[in-house]
Amino acid sequence: MASDQVILETINLDKSFGAIHAVRTVSWKVYQGRVNALVGDNGAGKSTLIKLISGALAPNAGSFRVHGQETTIGGPAGAFNLGIAAVYQDLALVESRDVVMNMFLGSEMTRGVGAIFLDHKGMLRQAHDVLNDIHARIPNVREMVRNLSGGQRQAVAVGRALIRGGEIIIMDEPTAALGVEQTQEVLQLIDTLRKQGKTIILISHNIQQVFEIADYISVMFHGELLGTRRREEATEAEIVAMIMGRRAP
Amino acid sequence: MLERITQGEVALSGRRRAQLLFLMDNGIYVVTILLFVLFAFLAPHFFTPRNLVNILISASLAGIVTAGYTVAILAGQIDTSTQGVLAIATVATALLFQEAGFSLPLTVILALTAGIAAGLFNGVIVVNGKIVAFVATLATQGVMLAIALFLSGGQTITITRAGLQEAVFVRMFGIPSSVWIMFFCYLLGWIMLTQTKLGAHIYATGADYRAARLSGVPVDRVIRIALVISALTAALTAILVTARSKQSALFGLAIAGSVDFVTALTAVLLGGFSLFGGVGRIERNLVAVLFLTILGNGLQLMNVPTGIVLVVRGFALVSAVILSVLRARVA
Ligand SMILES: Nc1ncnc2c1ncn2[C@@H]1O[C@H](COP(=O)(O)OP(=O)(O)O)[C@@H](O)[C@H]1O
Ligand SMILES: [Mg+2]
């Protein structure tokens with residue numbers, strides 16, 4: 001593990017919402033091909049941090065380094081171009097559209113000149129392939145998203161991230177609303193992604209889950225990043241203490 | 001075991017829900033055919049070639065503006081400025097053709113350009129001003145009506161110069177060009193909405209603006225385009241109406257009786273669209289427009305007083321609203 005490479009780095013990232021200082025000069029390293037967990041109490045600033053990384057929010061200060069290159073993110077489209085794809089807490093799926101259209105939303109396959117006409121067949125085929133790759137169980141890809149289970153939705157959202165060439169997949173509390181069985185499904189999905197060499201950023205509340213799946217565990221408290229631990233070197237007690245704001249020695 | 005039973009129940013109610021939705025969405029086809037057959041028996045002169053062509057002409061005028069209006073609705077934008085665009089474009093057509101003596105093609109191009117300008121204006125207010133379309137277009141409509149009033153001096157401009165009506169109502173296979181134009185608009189709309197990237201983006205933006213934006217859909221551009229399409233079809237309708245009546249039909253109210261925001265709205269709702277955007281098929285609106293036209297035409301032929309026809313139309317809108325609400329509840 002000593003050879004783990006940093007694929008993405010935030011440098012002194014800062015974000016306030018009016019009087020609320022949600023992210024305070026956070027410098028964070030994300031390791032390639034690993035599951036990088038981000039934990040912390042409610043309101044610690046986790047979602048805000050990953051929204052800065054995925055381009056959904058613009059930072060007030062600070063910068064990014066992706067593959068060693070200093071860069072700006074510049075909106076969701078810019079993030080996609082850098083291989084960063086977020087699976088938002090509410091998944092950002094369009095309920096009244098089917099699985100295929102959701103997976104390709106914003107990056108539709110087209111045919112003919114001018115990229116005007118949709119390649120419905122191509123999208124159908126690739127949607128099947130991608131869902132198979134991640135072992136998703138979705139019987140009908142023409143089903144509207146509103147009729148899918150929580151686990152299936154998660155798979156659709158992850159499928160979308162992969163279709164966009166996502167190398168860094170951000171998942172914000174993917175299991176928060178799921179039952180036991182579907183939670184297990186999502187954890188398997190994360191493991192499958194890791195085996196395929198993807199980098200995963202996983203936000204979670206659930207310490208056991210984090211210890212089960214993560215390679216690195218980072219803790220936020222009141223907008224600050226308190227530290228990052230390798231999973232094998234960390235104890236649950238230590239992480240819990242950090243979550244409650246006790247700075248690591 | 002328990003979970004399996006629950007799942008089965010969900011699946012069953014899911015199927016029943018799907019059936020109900022199917023009925024609500026496609027009921028308009030059945031109702032339209034029933035109404036047609038009913039009038040064919042009850043209304044004198046209804047089922048004659050002449051009257052059927054008349055129905056198609058009326059439907060074409062309401063239909064074209066509804067097609068564009070539908071696109072705006074799908075993008076989640078309730079465009080209430082239709083009357084304003086109609087007023088500007090009808091005055092522009094009459095002034096340019098009659099007073100300025102412009103050629104027909106130039107007149108048409110400029111009147112359509114006025115429509116595009118009106119749509120862009122709506123887009124600026126909605127997107128840059130971040131104002132809900134329903135409110136924003138109500139305001140812009142006021143501006144447009146004022147401009148039309150100023151340009152026309154408040155007068156109806158009568159067109160005495162030959163060439164406009166004749167050209168716009170040329171018949172192909174016995175059917176006037178306005179009807180062909182309507183079918184062409186719906187074909188184009190259907191292709192755009194179901195076969196193009198823009199169409200996918202329009203549906204997504206209307207259904208869930210936030211999700212679409214986060215997915216990288218250029219939502220603001222999509223809204224601008226939808227509002228331009230809506231205004232453009234209103235302008236096209238205005239040209240046809242002006243040509244048909246040989247005068248500028250000022251301020252919408254006088255326009256062909258049936259071409260207005262309320263008809264478009266009724267048709268959209270009858271067609272199974274959600275007022276909140278993102279749901280619906282444009283071909284159903286064509287049928288809904290035919291339904292409303294047949295309704296008006298048949299009642300008229302049966303010598304039902306205009307007041308009662310208006311009441312019936314009012315009821316059509318009310319039922320359409322109820323249908324739309326029911327649909328949203330089931331879906
Ligand atoms: N869009 C926003 N506007 C105002 N305050 C916000 C916004 N988003 C988050 N916050 C605030 O920022 C802080 C961090 O929130 P968040 O990043 O969602 O935390 P977490 O995901 O760790 O629970 C909270 O106090 C929250 O209320
Ligand atoms: Mg959160």
Side-chain angles (χ1 to χ4, degrees), chain A residues 51 54-57 74-81 84-98 100-112 114-120 123 139 143-149 153 156-157 160-161 163-164 170 172 179-182, chain B residues 2-4 6-7 10-18 21-22 25 74-76 188 190-222 225 272-281 327-331:
Chain A
K51 280 178 187 161
S54 69
L57 290 173
F80 292 136
N81 290 338
I84 303 169
V87 175
Y88 292 100
Q89 198 156 5
D90 60 9
L91 303 181
L93 297 175
V94 179
E95 299 275 318
S96 59
R97 301 291 276 166
D98 69 21
V100 180
M101 292 315 283
N102 265 286
M103 286 176 70
F104 283 91
L105 185 59
S107 61
E108 293 83 359
M109 283 168 74
T110 54
R111 63 193 156 75
I116 291 171
F117 290 101
L118 294 170
D119 180 2
H120 281 299
M123 288 193 280
E143 185 70 72
M144 272 197 269
V145 162
R146 80 155 51 93
N147 299 327
L148 299 185
S149 75
R153 282 156 182 257
V156 173
R160 166 153 87 197
I163 278 169
R164 292 174 165 256
I170 303 175
D172 191 354
V180 179
E181 205 173 310
Q182 292 187 3
Chain B
L2 186 67
E3 200 177 308
R4 208 164 280 167
T6 337
Q7 273 176 1
V10 168
L12 188 70
S13 81
R15 190 174 313 145
R16 199 168 285 165
R17 194 182 57 190
L21 277 179
F22 181 82
D25 287 345
L74 276 177
L188 216 60
W190 182 84
I191 291 173
M192 193 258 292
L193 289 171
T194 62
Q195 305 300 316
T196 74
K197 191 162 150 174
L198 175 63
H201 286 176
I202 285 174
Y203 272 105
T205 301
D208 194 334
Y209 175 89
R210 198 185 142 273
R213 189 180 64 81
L214 289 175
S215 307
V217 172
V219 282
D220 289 342
R221 195 170 75 204
V222 168
I225 292 173
F273 281 72
S274 159
L275 270 193
F276 304 107
V279 180
R281 291 181 182 207
R327 193 192 187 289
R329 240 176 245 163
V330 174

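Throughout, a chain's letter reflects where its sequence line sits, starting with A, and its residues are numbered from 1. These values consider heavy atoms only, across backbone and side chains, with no hydrogens, waters or symmetry-generated copies.
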Flag, side chain of B:Y203 to backbone of B:G280, donor-acceptor distance under 3.5 Å:
yes

Count the heavy atoms of every other residue, nucleotide or ligand shown that sit under 6.0 Å from CZ of A:R111, and state whether that count exceeds 12.
yes

Okay, A:L105 and chain B: the region with an atom under 4.5 Å from a heavy atom over there is both

Portion of A:N147 that has a non-hydrogen atom of chain B nearer than 4.5 angstrom:
side chain

State plainly whether the residues A:R97 and A:E143 are in salt-bridge range, i.e. N to O under 4.0 Å.
no

Engaged part of A:F117 at the chain B interface, taking heavy atoms whose separation is under 4.5 Å:
both

Interface check, chain A: of B:L214, B:D208, B:V217, most non-hydrogen pairs under 4.5 Å belong to B:L214

Set of salt bridge (Lys or Arg N to Asp or Glu O under 4.0 Å) partners for A:R164, sequence neighbours left out:
none

